[in-house]
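Here is the structure we will look at.
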Amino acid sequence: MHEFGDGPDGLRIRLTIRFPAHAPEHVFTGHQWHFACEFLNWLEAAHAAR
């Protein structure tokens, strides 16, 4: 459920994810680290391709 688009000041990203209501906390924090690594890689690749 992620959205990417052009915004008035550049790239606009909206990241949305759903977890079960009773998921343990480590699921949330683990996914935050996953997002950080994944999107940093994508942004670095996009910058290098410019």
Side-chain angles (χ1 to χ4, degrees):
M1 297 174 49
H2 310 323
E3 298 175 10
F4 299 86
D6 294 327
D9 297 317
L11 178 64
R12 181 189 56 79
I13 301 174
R14 180 177 180 178
L15 305 175
T16 306
I17 190 160
R18 291 182 172 190
F19 292 102
H22 300 291
E25 182 66 25
H26 71 87
V27 172
F28 304 116
T29 55
H31 202 76
Q32 287 172 331
W33 279 108
H34 166 76
F35 265 171
C37 293
E38 182 175 23
F39 284 93
L40 177 60
N41 289 337
W42 287 350
L43 290 172
E44 287 177 341
H47 180 73
R50 294 183 334 148

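These numbers were taken from a predicted model, which means no experiment stands behind them.
- We find the CD1-CH2 distance between I13 and W42 to be 9.0 Å, quoted to the nearest 0.5 Å.
- Around atom NE2 of H2, more than 12 heavy atoms belonging to other residues, nucleotides or ligands sit under 6.0 Å away.
- Counting heavy atoms of neighbouring residues, nucleotides and ligands inside a 6.0 Å radius, atom CG of D6 does not exceed 12 of them.
- Partner of F28 under the ring-ring contact (aromatic ring centres under 6.0 Å, His included) criterion, chosen from W33, F35, F19: F19.
- Between H31 and H34, the ring-plane angle classifies as tilted under the 30° and 60° cut-offs.
- The distance from the CZ atom of F4 to the CG atom of L15 is 6.0 Å, given to the nearest 0.5 Å.
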